[in-house]
Amino acid sequence: MRGPPFRPLRWRPLAPFLLAVGAALLFAAVLTRNPVPLFLGLPLLLAPVAVGVAGPRSAPPVRIDLAVRGSSEEVRFEGIVASAPGLDARDLVVEIARPASLREAAETEFDRSSTELRFRANWTAPEPTIAEVSVPTVLWRDPMGLVEREAVSTAAPLVVTRYPPELLRIGAVHLERTTPLPGETHSRRVGESGEFHGIRLARPDDPPRQINWRATARAGRPLANEYDLDKTGDLLVLLDARPTPLGRVIDERLFSIVRAAALGLSDSFLTVKARVGLGVFGEFLDVVPLATGRTHRIRIEAALTQAHLATVAAPAERCAVAARRSFPPGLTTVVFSNLADDESNDLSPYLRRRGFPVVVLSPSPLPIAAGMSRLSRKDEELAARIARLVRRNRVARAWQEAPTIDWDDYWSLGQFVDFVRRPRIRRAG
Amino acid sequence: MTTPVRRSAIPPVRLMSLSLLFVSAAALGYLSGFPDGLGLLVAIAAVLLAAVLRVSSDHDLAAYAPVPALAGIAVEAAAAPVGFGTELLAGFAGLCFLAWLADDPARPVGGDLRALPTIMLPALALGIAWSSALFLPAGAVPLGVAGGLLALTLAAVAFLVGSPSVFDREEARS
C-alpha cells in the first residue's frame, strides 16, 4: 500500500540569511568580548529552528475544489482551498500554473479566512483551445517566510475547452448516408462504388472506364466521373500532427486550435448519438475507435488533451493504411490540416484512395504569422499579399482532391457549417 | 507559468510592527557607540529603506526589504558598548525584527500574531541568556564554557539547516 507523498520541509532564502547574520554576530561577540551582538544574534539563530518545530511536522492535508467558468474567450479558474483543523488557511500560499495557450486578463484574486482560501484566476483564450489546468500547488508557509512545506490534496486537474460556437449546432446536420440500412434498398446504383456524384480532373491512375470521354472532349482536358462512396452516418476526425515548414511555434498554436475544434466537432456529433472516431497522425496514427456516449466523449477529450505535435513527418500513405486498419471504409472523414506543405496536401488523396470520403478543414497560419511579423508596415503588406496568394494556391490544389475549407477566423466555423449543410455544393476540376 | 511576480497594488504599511522595529532600532542606535547621533540616523535610514522596499510594487525588490533593517541593527549592536540594558535591548530588537518579518503587508493580516508562538521560543532563550549573564559571576572559565556552548549551538543549527528532514514526521510507508 502506498502512503501519502513525501513533502519535505524546505528552507526559504530568508532562513540562511538570518542564520548567516546570526553566526556573524556570534563570532563578532566572541572576538570583541562584547555580549551585545550575541544577544541580537540569538533570536536570529533560533528563529528558523523554532519555525521548523512549531510548524506542521508532515505535509498538511487540504481539500481543494476547482471549477472552470466563463464562456467564449473568458476563462475563470476558481477554487476553494479548505485547510485541515489546526492549520490556519491564511498561512497557505497557492501557486497556479497557467496553461501556455491562455493569457492573463487580470491579476488573480484571493479571499482568505482562517479556515479557507478562495481564489479566482482571470484568463482569456485568444484562440480556440483545449488545455489542461493542473491542480494548483498549495504551500504552507510560516508567517515570517522562513520555511515552507507543500500540502497534500486529492483534487484532479481540469480541462478548459473553448471552441467556435457554431460547432454546437453542427451535430444537427445528419451526415449523408449511402450505406443501406437494414431493409432499405437503393432503387438504382450507377458506377463502380455507388451513385454518380460529379466530374473531376482525371488522375493518372483512373481506369479508362472512369474517364468521362464526352466531358473530356467538351472541356479539352481529361475529366473523370466521381461516384458516391459507401458512407455511414459516422464520423472520423483526423488531425494532422506532423511538423511543417511554418516552424514549431506556429505549428503548436495551430495544433492547439485544431484540437479544440476537433473536440467541439466530436461533442456535437456525440450529442446526436452519432458514432465518432478520432485519429491523430504524427509519426504514427493514434486512434480512438468509433463509439458513442458520454464515456467516449471523455476518451476523446483525454486523447486530444494529450495529443502533441510529432517531431518527425511521416509519409501520408502511412496514415491512410493505418486508418484503413482501424476504421471501416466509407466513413465520412474530417481532416484537420494546415496545408502548409506538399506532405499536408497529400493526406486527403491517400485517404480517398483507401475509401474515406474526406473534407479538409484547414486552419490558416496567416493570422498567426501576421501577428508575429517583425517587418515594416510596407513590407508586411507585401509579405501578407504573397502569403495569401500562396495560401489560395494551396487550398485550390487541395480542392482538386477533396472539399477544403480555409479557416482563417478561428472563432468562427460558419463556412464549414454551411458546407456540411449543403454537401452537394462542390466544384469539379 | 505561475502567477505574476509584479504586484498591481501597493501593499499597505503595517504601522504596529514597523513602529516596534523603529523604536527598538532607534534606542539601540542611541545606546550604540556612534558619535553625534549617527546611530539614530543609521536606525532611521535602515528602517525607512526597509519600509520603502517592502511596499515596492516589484515583488523581487520587496524580497530584499529585511536586508537593510537587519544590517542597520547588526551594525548598531556590533558597535554598542556593554551596559546594563544594552544586551537586552539588542535581543529585543532582534525579536522586533522577527515580528516585523511576520507582519508582511503582502500576506494576510495578523501574521505577527500567528508568529507569536514561534517568536516565544527565541524570546525565552533570550530571557534565560540575559538573566544568566546578569546574575551569574563572570570570569575566564565561564567565558570559555560559553564559547564552547556557542560553537556547539552553531554546529547544531548548521546540522538542522542542512537536514530539514529532521523536522519531518511522515507516516511510515510500507
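Hydrogens, waters and symmetry mates are skipped; everything else that's a heavy atom, side chains included, is used. Letters go in sequence order (proteins before strands), and every chain restarts at 1. The structure displayed is predicted, hence computed values, not measured ones.
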Q: Side chain, backbone, both or neither: which part of L70(B) has a non-hydrogen atom closer than 4.5 Å to chain A?
A: side chain
Q: Given heavy-atom pairs under 4.5 angstrom as the criterion, report whether the side chain, backbone, both or neither of F97(B) touches chain A.
A: side chain
Q: Heavy-atom distance under 4.5 Å to chain B: side chain of D142(A), backbone, both or neither?
A: backbone
Q: Could you tell me whether F17(A) atom CZ has more than 12 heavy atoms of other residues or ligands within 6.0 Å of it?
A: yes
Q: Which one wins on heavy-atom pair count under 4.5 Å against chain B: V21(A), V93(A), D91(A), L44(A)?
A: D91(A)
Q: Identify which of A79(B), P66(B), A102(B), G111(B) forms the greatest number of heavy-atom pairs closer than 4.5 Å to chain A.
A: A102(B)
Q: side-chain contact (heavy atoms from CB on, under 4.5 Å) between L31(B) and V36(A): does it pass, once the steps are laid out?
A: CA-CA 11 Å; L31(B) 292 177; V36(A) 179; over 6 Å; no
Q: State the OG1-CE distance between T118(B) and M144(A), to the nearest 0.5 angstrom.
A: 5.0 Å
Q: Does a side-chain heavy-atom distance below 4.5 Å link R107(B) with R141(A)?
A: yes
Q: Is it the case that more than 12 heavy atoms not belonging to Y64(B) sit under 6.0 Å from its OH atom?
A: no
Q: Is any side-chain heavy atom of P143(A) less than 4.5 Å from a side-chain heavy atom of D112(B)?
A: no
Q: So for A28(A), is it side chain, backbone, both, or neither that comes closer than 4.5 Å to the heavy atoms of chain B?
A: neither
Q: Give a yes or no answer on whether the side chain of N34(A) reaches the backbone of A80(B) with a donor-acceptor pair at less than 3.5 Å.
A: yes
Q: Does CZ in R103(A) sit with more than 12 non-hydrogen atoms of other residues, nucleotides or ligands closer than 6.0 Å?
A: no
Q: Check whether any side-chain heavy atom of L46(A) sits under 4.5 Å from a side-chain heavy atom of L121(B), and report yes or no.
A: no
Q: Are L42(A) and P122(B) side-chain neighbours, meaning at least one heavy-atom pair lies under 4.5 Å?
A: no
Q: Given a strict heavy-atom distance threshold of 4.5 Å, which part of R112(A) is in contact with chain B: side chain, backbone, both, or neither?
A: side chain
Q: Measure the shortest side-chain to side-chain distance between F39(A) and L88(B) over non-hydrogen atoms and say whether it is less than 4.5 angstrom.
A: no
Q: List the residues meeting side chain to side chain contact (heavy atoms under 4.5 Å, CB included) with S256(A), not counting sequence neighbours, and say none if there are none.
A: S101(A), T129(A), R259(A)
Q: Search all heavy atoms of A93(B) against all heavy atoms of L40(A) and return the closest pair with its distance.
A: C-CD1, 4.4 Å
Q: Picking from G94(B), A77(B), A123(B), which has the most non-hydrogen pairs under 4.5 angstrom with chain A?
A: A77(B)
Q: Tell me, out of P13(A), A121(A), P35(A), A54(A), who's got the most heavy-atom pairs with chain B below 4.5 Å.
A: P35(A)
Q: Can you list the residues that meet the side-chain hydrogen bond (donor to acceptor under 3.5 Å, both in side chains) rule with R76(A), with sequence neighbours excluded?
A: E74(A), E78(A)
Q: Please flag which part of L89(B) lies under 4.5 Å from any non-hydrogen atom of chain A: side chain, backbone, both or neither.
A: neither
Q: Go through A99(B), A74(B), P81(B) and name the one with the most non-hydrogen pairs under 4.5 angstrom from chain A.
A: A74(B)
Q: Check each atom of R114(B) against the heavy atoms of chain A and say whether the ones under 4.5 Å are side chain, backbone, both or neither.
A: both
